[in-house]
J.: 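The structure's right below; bear with me while I get my questions together.
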Amino acid sequence: MCGIVGIVGKGPVNQALFDALTVLQHRGQDAAGMMTIDDGMFHLRKANGLVRDVFRNRHMYRLTGNSGIGHVRYPTAGSSSSAEAQPFYVNSPYGIAFAHNGNLTNAYELEEEVFRIARRHINTTSDSELLLNIFAHELQNCSGLTLEPEEVFKAVANVHRRIRGAYAVVAAIIGNGMVAFRDPYGIRPLVLGKRKTDGGDEYMVASESVALDSVGFELIRDVAPGEAVFVTENGELHTQQCAENPVHAPCIFEFVYFARPDSFIDGISVYASRVNMGRKLGQKIAREWADLDIDVVIPIPETSMDIALQIAQELDVPYRQGYVKNRYIGRTFIMPGQTMRRKSVRRKLNAISSEFKGKNVLLVDDSIVRGTTSEQIIEMARESGAKKVYFASAAPAIRFPNVYGIDMPSANELIAHGRDIDEICELIGADGLIYQDIEDLATAVGEEHPTINRFETSVFDGNYVTGDVNQAYLERIDMARSDEAKSNSSSAEMSNLEMHNMDQ
Ligand SMILES: O=P(O)(O)OC[C@H]1O[C@H](OP(=O)(O)OP(=O)(O)O)[C@H](O)[C@@H]1O
Ligand SMILES: NC(=O)CC[C@H](N)C(=O)O
Ligand SMILES: [Mg+2]
């Protein structure tokens with residue numbers, strides 16, 4: 001998952017982009033970047049690292065201009081080299097800066113096509129650089145120096161025809177303005193906001209509404225699946241549906257784990273959906289584990305806290321904070337490599353033993369992916385003197401790889417792949433394990449919105465909403481992106497040439 005943001009303002013945008021990227025940090029911790037436009041020139045700063053480390057004062061001074069875009073990266077295609085940090089840039093046509101959240105599912109075919117048809121060179125292994133070049137190639141057909149809204153929308157419509165997968169995109173085009181669009185299934189989120197100033201209206205797009213809140217923009221609405229937004233340099237807003245058959249099926253894992261609870265995605269409060277998940281799962285626990293004597297419900301910070309509180313209420317047992325989170329350690333699931341993920345769990349979470357001693361505890365997490373967290377956290381509960389340790393997951397068992405921008409490329413790395421619940425329970429060392437049912441998860445999220453009745457749920461049921469994902473493709477990404485493959489290719493990444501970047 002990555003975070004994207006773009007602003008067409010009436011005054012300098014560097015601070016607002018920085019602030020927005022900071023609140024989107026939970027979507028990507030590997031790299032950050034910003035590109036602003038001032039007087040017909042782009043200014044770029046991007047590097048591996050957290051937002052606060054990538055942008056120093058000296059960079060901020062040079063990121064001048066009233067419009068710009070930004071990105072935080074969690075690599076899910078290509079490599080984690082700084083050369084693949086975003087935004088990307090192409091000089092023709094016009095000069096385009098580009099940031100992308102999601103993953104293309106036909107990148108392998110596009111690589112060849114981009115060179116053969118468009119005569120364009122891609123200097124990285126990033127699917128986002130490919131997508132930028134396809135967008136640029138489509139814009140190449142526009143006739144004038146100034147883009148007309150219809151021309152922009154036609155280019156986006158052609159991009160939709162050529163690419164498949166998940167994409168929420170923002171692009172800044174020199175001399176023209178900002179373009180943002182979302183794939184025809186709306187898999188990845190994108191919101192549109194506005195701020196009134198004395199000089200006129202300013203527009204902003206971002207992955208999550210929390211980014212708008214943080215810089216004083218008002219949420220107008222979500223960008224619809226397949227829709228494109230074009231804000232001209234002067235701040236005129238144009239929007240149009242550019243997909244032939246848009247189907248709204250947002251990624252349900254955004255609600256389970258990725259998004260911040262204070263965000264609204266597709267009109268749904270992430271917080272409310274998590275409370276609903278807690279209610280549904282609490283009811284299931286009450287039904288199926290009626291004979292268990294649970295003394296206390298303990299969340300695994302941070303994402304599961306709202307869910308666990310609701311489960312405690314449903315079960316009418318105390319909710320206690322049994323683990324303290326070190327606020328200086330980031331999210332462990334989106335860290336690269338299993339060694340780093342494993343080490344970070346104990347650095348990140350520590351037990352308050354009095355909450356466990358002599359008790360039957362119910363630990364609650366939002367999801368179990370590789371089982372890294374649950375296994376260690378259960379061990380800690382036992383070391384702290386728990387009598388029995390039960391475990392509840394607010395998401396169903398994750399048994400299939402993700403191809404849309406969550407780094408779960410390899411089925412074999414998923415603890416639930418090919419295993420039944422008893423086997424998983426034994427592996428993580430729990431006395432009992434219960435998962436949310438998929439229908440209940442869909443209801444928990446869907447009941448917050450009257451018209452969305454479909455979600456992208458492939459990690460649970462293997463149904464890939466874009467319809468183009470087959471076993472051969474899954475094997476290919478497994479070979480390319482499993483933890484093992486990534487560790488073998490890390491030396492090759494070192495030689496990746498970094499281009500178009502501001503000095504340190
Ligand atoms: O089974 P695993 O492979 O361990 O993955 C699942 C865990 O990872 C996430 O936590 P994370 O530490 O990333 O972030 P959080 O603080 O937002 O909960 C998620 O909330 C689960 O706790
Ligand atoms: N998680 C994402 O959205 C990543 C975007 C893009 N596929 C990359 O790897 O850079
Ligand atoms: Mg967690």
Side-chain angles (χ1 to χ4, degrees), residues 1-4 24-31 33 46 71-81 83-88 98-105 107 124-132 165-169 183 187-189 207 251 253-254 256-261 274 299-308 323 325-327 329-336 338 341-342 344-345 347-349 363-378 391 393-395 397-398 402-409 413-416 424 427-428 459 477 481 483:
M1 209 58 41
C2 298
I4 61 172
L24 294 175
Q25 186 79 80
H26 60 284
R27 299 183 67 84
Q29 301 171 166
D30 270 48
K46 62 176 178 174
H71 190 265
V72 282
R73 181 169 192 233
Y74 159 50
T76 54
S79 76
S80 51
S81 153
E84 300 194 17
Q86 301 190 35
F88 277 108
F98 188 91
H100 163 224
N101 169 210
N103 244 36
L104 303 188
T105 50
T124 69
T125 50
S126 161
D127 61 337
S128 309
E129 194 185 3
L130 263 176
L131 175 44
L132 162 57
Y167 47 98
V169 160
D183 68 72
I187 299 173
R188 302 269 72 98
S207 296
C251 170
F253 214 66
E254 289 280 348
V256 170
Y257 168 70
F258 270 108
R260 264 178 55 150
R274 289 192 186 150
I300 297 175
E302 179 169 344
T303 302
S304 71
M305 297 177 87
D306 306 324
I307 302 167
Y323 297 100
K325 182 185 153 190
N326 177 347
R327 71 185 67 181
I329 303 271
R331 298 183 112 184
T332 54
F333 170 70
I334 62 173
M335 284 177 180
Q338 186 62 0
R341 283 185 216 113
R342 272 197 74 81
S344 296
V345 174
R347 274 196 234 130
K348 175 174 163 174
L349 297 169
L363 305 184
V364 177
D365 210 347
D366 50 270
S367 56
I368 306 172
V369 183
R370 295 176 178 90
T372 324
T373 308
S374 41
E375 190 197 325
Q376 294 191 62
I377 228 73
I378 290 169
F391 203 96
S393 163
I398 296 174
N402 186 283
V403 299
Y404 299 124
I406 305 177
D407 205 26
M408 302 181 196
E413 289 168 10
L414 305 170
I415 194 167
I424 305 163
L427 265 182
I428 62 173
V459 294
I477 58 164
R481 293 200 57 79
D483 279 335

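Any value given below was found using the heavy atoms of this structure, including those in side chains, with hydrogens, waters and symmetry copies removed. When a ligand or atom number is given, it counts from 1 through the structure's own listing order.
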J.: Give me the residue, atom name and distance of the protein heavy atom closest to atom 20 (O) of ligand 1.
T.: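 Protein heavy atom with the smallest distance to atom 20 (O) of ligand 1: Asp366 OD1, 2.5 Å.
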
J.: Atom 21 (C) of ligand 1: which of Asp365, Val256, Thr373 has the nearest heavy atom?
T.: Asp365

J.: Ile368 near ligand 1, heavy-atom distance under 4.0 Å?
T.: yes

J.: So which atom in Pro299 and which in Tyr323 form the shortest heavy-atom distance, rounded to 0.1 Å?
T.: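 Taking Pro299 first and Tyr323 second, the nearest heavy atoms are O-CD1, 3.6 Å.
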
J.: Would you find a donor on one side and an acceptor on the other, under 3.5 Å apart, between the side chain of Arg331 and the backbone of His26?
T.: yes

J.: List the steps and the verdict of side chain to side chain contact (heavy atoms under 4.5 Å, CB included) for Tyr404 and Phe253.
T.: CA-CA 11 Å; Tyr404 299 124; Phe253 214 66; over 6 Å; no

J.: So, using salt bridge (charged side-chain N to carboxylate O under 4.0 Å, His left out) as the criterion, who are the partners of Arg27 when residues are at least two apart?
T.: Glu208, Glu254

J.: Minimum heavy-atom separation for Leu24 and Ile4, please, with both atom names.
T.: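 The answer is CD1-O, 3.6 Å.
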
J.: At less than 4.0 angstrom from any atom of ligand 2, which residues have a non-hydrogen atom? List them by chain and residue number.
T.: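 The 4.0 Å shell around ligand 2 contains Met1, Cys2, Arg73, Tyr74, Pro75, Thr76, Ala77, Gln86, His100, Asn101, Gly102, Asn103, Asp127, Ser128, Gly405.
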
J.: Between ligand 1 and Ile300, is the shortest N or O to N or O distance under 3.5 Å?
T.: no

J.: Does any N or O atom in Tyr257 lie less than 3.5 angstrom from one in ligand 1, N or O only?
T.: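 Such a contact does occur with ligand 1.
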
J.: Calculate, to the nearest 0.5 Å, the distance between atoms CD1 and CG belonging to Ile398 and Leu414 respectively.
T.: 7.0 Å

J.: Would Gly330 count as a polar contact of ligand 1, with the cut-off being nitrogen or oxygen pairs under 3.5 Å?
T.: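 No: no nitrogen or oxygen of Gly330 is under 3.5 Å from one in ligand 1.
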
J.: Among all residues two or more places apart in sequence or in another chain, which pass the side chain to side chain contact (heavy atoms under 4.5 Å, CB included) test with Ser126?
T.: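 In terms of side chain to side chain contact (heavy atoms under 4.5 Å, CB included), with neighbours along the sequence ignored, Ser126 is linked to Glu84, Phe88, Thr124, Ser128, Glu129.
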
J.: Give the minimum heavy-atom separation between Ala107 and Leu130, together with the two atoms involved.
T.: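 Result for this residue pair: O-CD1, 3.5 Å.
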
J.: Check Ala77 against Asn103 and note the closest heavy-atom contact, atom names and distance.
T.: CB-OD1, 3.7 Å

J.: Test of understanding: given a 4.0 Å heavy-atom threshold, classify the contact between Thr372 and ligand 1 as side chain, backbone, both, or neither.
T.: both

J.: To check your reading of the model: name the closest protein heavy atom to atom 15 (P) of ligand 1, its residue, and the distance in Å.
T.: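 Protein heavy atom with the smallest distance to atom 15 (P) of ligand 1: Thr303 OG1, 3.4 Å.
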
J.: Identify, with sequence neighbours excluded, every residue that meets ring pair (Phe, Tyr, Trp, His ring centres under 6.0 Å) alongside Tyr167.
T.: His160

J.: Below 4.0 Å from any atom of ligand 1, is there a heavy atom belonging to Lys348?
T.: yes

J.: Would one find an N or O of Ser374, backbone or side chain, under 3.5 Å from an N or O of ligand 1?
T.: no

